[in-house]
Amino acid sequence: MMNGSTGRRPTGHGRTRAAGAALCLLAGALTSAASGGSPAAALTPPVSLTADDLTTWQTNGIVWSMAASDAGVVYTGGTFSTVRPPGAGAGTSEQPAVNFAAFDAATGAPTGCSLSFTLSSGTATVRALALSPDQKTLYVGGQFGAVSGVGVSNVAAIDTATCTPRQDFKLSVSATVRALAVTADTVYLGGDFNSVAGQTRKKFAAVTTGAALKPWKADTDEVGRALELTPDGKHVLLGGDFFTVNGTTSHALAVVDATTGAVTKSYPAGFIPNTSTVQDLATDATGFYTANEGTGGGVFDGRIALNLSNFEQRWRDTCLGATQAVLVHNGVLYSGSHAHDCSSMGEFPDQPRRHLLAQSVGDPKLLPWFPDTNDGIGEPVGPRVMAQADKGGHHYLWVGGEFTTVNGARQQGLTRFADGPDTGAPWVPNVSLSTVAPGKVEVNWQASFDADDGELTYRIYKDGASTPVHTTTGYSLFWDRPQLRWTDTAVAPGETHSYRISASDGTNTSAKSPALSATVASAAEKYPARVMADGASLYWRYDEGSSTFAADTGGGRDNGFLRNSPAYRQTPAAIAGPSTAIGFNGTNQYAYSNKLHPQPTRFSVETWIRTTTTKGGKIIGFGNVTMQNSTKYDKHVYMRDDGRLVFGVHSGGTRTITTPAAYNNGAWHHVVATQGTGGMALYVDGQLRASSALYTANEAYSGYWRVGGDNLNNWPSRPTSNFFAGQIDETAVYPTALSSSQVSAHYALRTGG
């Protein structure tokens, strides 16, 4: 198997804290929708490993390969020269370990097995490790010429009992060995080579356990990177860069006969794009799984699940981010990559890189397991290899690579995770209170995040009580933290009440959120009441004190994520009443909606602005990206450097209307832009300032509503800045085109401010 996973697919019992987790997950799927969350995928397996990394020794370079024994020893190979204790900085407390080290699976500490893999000239490296079924021999592949002084040629066999090279296994391989798979009588090799034992073998070969070349032949035209035997032993799965196998067209992936090498299943051009390769393979009882990496345009970087019954695709994901390693444990496919955009499969968009992911073997949907590394040194990608080991009744997932941090803390080359204990608490909830309606307090909060649990339990505490007044659940992921809401009706006008919320994963509970107080209203606030009555599907009032959370006052509960700490509680607000505005710096601060929206064919955007900027910037718009500037962007209102406002959509080109006057005079201004069957209209301070009946369509793509900044490349009169410097308040989005009378009525409700 590529990078030396053992090929064992052990079963397990799940992490100790997760007893009954499958039932909880299903129950959560049924209840979270009622509490405002996104339903969890029903009947998916619980992730049986925690996201809490365990203390583990480190390397001073890249770990490329691993193999785990039944005795709980994890063998590692790569390009490194020393190992050091957990927490030790580079260059301190180091012990020699030349491209190889062995560790206790349960403690993370080195064992007594020490070997040195060297090369007379150039850089030696160990790229593949695999254990024989009887565990007596560890086979090693890579680029090296000696093992602890014993001459070899890119492949070696190690007696595991004595940790010494086997003198009876001598084999000449012409170039780097990158993959190994072993049966009781055969060692399969893959790599860069074109000859083995003096005979032509292009990229793949098979030898006996006594190092005699076998007639098996599966010649490919490009590098072999991955090998895996099917569980029945009848077939060998091949992965790599190749385009042909034994003259048959099959790019990056093929299934061949284990005895002859004849092609059993080929994969036509396009099944895996020509710009992509297979870096690793894994199997379980019914399927096999690929790790794919691409370069250039049209790449495929994700994972494919295929059925062993017919070698056809079961599912694939299209995450971008160079997958390097895959491993199956307890019905979950774990992978190492630097995934940064999974929006094409409905998962996280354009986020900072995530290096460790989990999926059900039956479904590409990402499961709630998000430990993380950095990219690290070298090429770099981050994780490069995984191995699973059992010891002392616990299951351990070992991860190796070129990373230098794990879960934000310094840790190089190696890390590991287990089925317990779970020590990480969910994030403290972000809370907002609303008293827009009389006689009640709406408690809104942004669902928290826990690195290894999607379904969380929330407890609301009122007026300092130690017993919660309400308990509910919600499902969340790091990119999808929906707004939840509970309405307290056990209050009376004029009373002031405080609220705090905690989040629990069933084992760990967060601290309570800071206490927030609100005074119950005796009458409805007229402006927000009118906004909601006119059908706002998103309504951000910016009354939070300090958080990443812009609560949606309306029924859509489409809360906003506030990026880069905009200025909270700015006064005076745009409208009268117990409300505040938010301030953006014009450089990097903005907000985006939690929900991904289909193209709105009819819509209105409404907000209040106050600024004196002469650099312009985007005020509100629709874009396909959240954590960076969008690559598709329109349906927006922006300010030019001269203070004039532009409303633009893309429909066969940029289509804009512009106000004749400027609005950067430091006063509050009410801005509404609409598009519908009547075309485009732009209102300021209750009056129509620009319009066109010609443009009734806009660009078709799914996106997020963004406030305060986004891309403006190639738009007319593009301002100096993409980001708006000033205050914004009372932002609303509607699924209809507001009428002029509705717009003027909204503006008329402003009194003071």
Nearest heavy-atom pair of [X] and [Y]: which atoms, and what distance?
X: P349; Y: Y704; value: CG-OH, 3.3 Å
X: R314; Y: G287; value: NH2-CA, 3.5 Å
X: N594; Y: R481; value: OD1-N, 3.0 Å
X: Y542; Y: T731; value: OH-OG1, 2.7 Å
X: A581; Y: A573; value: N-CB, 4.2 Å
X: M386; Y: A325; value: N-CB, 4.1 Å

In this structure, which one of F561, F622, W705 forms a ring-ring contact (aromatic ring centres under 6.0 Å, His included) with Y592?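 Considering F561, F622, W705, a ring-ring contact (aromatic ring centres under 6.0 Å, His included) with Y592 is found only for F561.
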Per the ring-ring contact (aromatic ring centres under 6.0 Å, His included) rule, which among W398, Y396, W369 passes with F417?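 Option passing the ring-ring contact (aromatic ring centres under 6.0 Å, His included) with F417: W369.
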Residues which pass side-chain hydrogen bond (donor to acceptor under 3.5 Å, both in side chains) with S343, listed by chain and number, not counting sequence neighbours: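 So S343 forms a side-chain hydrogen bond (donor to acceptor under 3.5 Å, both in side chains) with D341.
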Please enumerate all residues that pass side-chain hydrogen bond (donor to acceptor under 3.5 Å, both in side chains) together with D372, with sequence neighbours excluded.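 For D372 the side-chain hydrogen bond (donor to acceptor under 3.5 Å, both in side chains) partners, ignoring immediate neighbours, are H355.
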Test item: side-chain donor near acceptor, [X] and [Y], under 3.5 Å:
X: Q446; Y: T548; answer: yes
X: T507; Y: D422; answer: no
X: D634; Y: Y701; answer: yes
X: R354; Y: Q351; answer: no
X: Y334; Y: Q359; answer: no
X: T323; Y: S337; answer: no

Can you list every salt bridge (charged side-chain N to carboxylate O under 4.0 Å, His left out) pair that touches residues 583-596, not counting sequence neighbours?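 Of all non-adjacent pairs touching residues 583-596, none passes salt bridge (charged side-chain N to carboxylate O under 4.0 Å, His left out).
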Under the salt bridge (charged side-chain N to carboxylate O under 4.0 Å, His left out) definition, can you give me all pairs with a residue in residues 317-330, not counting sequence neighbours?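 For residues 317-330: R303-D317.
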Name the one of I460, L516, T472 that satisfies side-chain contact (heavy atoms from CB on, under 4.5 Å) with I501?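 Single pass found, and it is I460.
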[X] side chain to [Y] backbone, donor-acceptor under 3.5 Å:
X: S721; Y: G617; value: no
X: T736; Y: L738; value: no
X: N564; Y: N588; value: yes
X: D710; Y: K618; value: no
X: T489; Y: K440; value: no
X: Y734; Y: T674; value: no
X: D552; Y: R557; value: yes
X: W540; Y: D558; value: yes
X: S502; Y: S510; value: no
X: E544; Y: A551; value: yes

Between [atom1] of [X] and [atom2] of [Y], what distance do you get to the nearest 0.5 Å?
X: N292; Y: C319; atom1: CG; atom2: SG; answer: 11.5 Å
X: F300; Y: I272; atom1: CZ; atom2: CD1; answer: 7.0 Å
X: Y289; Y: L333; atom1: OH; atom2: CG; answer: 7.0 Å
X: N624; Y: L596; atom1: CG; atom2: CG; answer: 9.5 Å
X: S498; Y: L433; atom1: OG; atom2: CG; answer: 9.0 Å
X: L456; Y: D505; atom1: CG; atom2: CG; answer: 7.0 Å

Do Q599 and E699 pass the side chain to side chain donor-acceptor pair (under 3.5 Å) test, and can you show the C-alpha distance, the side-chain angles, and the key distance before you say yes or no? CA-CA 8 Å; Q599 174 204 10; E699 189 172 1; over 6 Å; no
Test ring-ring contact (aromatic ring centres under 6.0 Å, His included) applied to F348 - qualifying residues, sequence neighbours left out: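 Testing F348 for ring-ring contact (aromatic ring centres under 6.0 Å, His included), a comparison that skips the adjacent residues, returns F478, W479.
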For W315, what residues pass the ring-ring contact (aromatic ring centres under 6.0 Å, His included) criterion, not counting sequence neighbours?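 W315: no ring-ring contact (aromatic ring centres under 6.0 Å, His included) contacts found.
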Measure up the Y638 and H636 rings against each other and bin them: parallel (under 30°), tilted (30 to 60°), perpendicular (over 60°).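 Geometry flag for H636 against Y638: perpendicular rings.
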Check the angle between the aromatic planes of F449 and F370 and answer parallel, tilted or perpendicular using the 30° and 60° thresholds.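 Ring orientation of F449 relative to F370: tilted.
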Before giving the answer on side-chain contact (heavy atoms from CB on, under 4.5 Å), spell out for W445 and W486 the whole-Å C-alpha distance, their side-chain angles and the decisive distance to 0.1 Å. CA-CA 9 Å; W445 68 99; W486 173 70; 4.1 Å; yes
For residues [X] and [Y], determine if any side-chain heavy atom of one lies less than 4.5 Å from a side-chain heavy atom of the other.
X: H470; Y: K462; value: no
X: F584; Y: F723; value: no
X: E606; Y: E730; value: no
X: S476; Y: P482; value: yes

For a side chain to side chain donor-acceptor pair (under 3.5 Å) check, start with the C-alpha distance between D53 and Q411, then their side-chain angles and the critical distance, and finish with the verdict. CA-CA 10 Å; D53 56 297; Q411 177 70 23; over 6 Å; no
Go through the steps to decide whether D543 and S432 satisfy the test side chain to side chain donor-acceptor pair (under 3.5 Å), and finish with yes or no. CA-CA 7 Å; D543 293 339; S432 179; over 6 Å; no
Worked verdict on T290 versus V326 for side-chain contact (heavy atoms from CB on, under 4.5 Å): CA-CA 7 Å; T290 70; V326 285; over 6 Å; no
Should T607 and V605 be marked as a side-chain contact (heavy atoms from CB on, under 4.5 Å) after you check the CA-CA gap, both sets of side-chain angles, and the distance that decides it? CA-CA 7 Å; T607 197; V605 292; over 6 Å; no
Step by step, would you call D350 with Q628 a side chain to side chain donor-acceptor pair (under 3.5 Å)? CA-CA 7 Å; D350 65 283; Q628 305 172 36; 4.9 Å; no
Could you walk me through whether L484 and Y458 pass side-chain contact (heavy atoms from CB on, under 4.5 Å), step by step? CA-CA 10 Å; L484 307 180; Y458 299 92; 3.6 Å; yes
Between E525 and R541, is the closest basic N to carboxylate O distance under 4.0 Å?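 Yes, R541 and E525 are salt-bridged.
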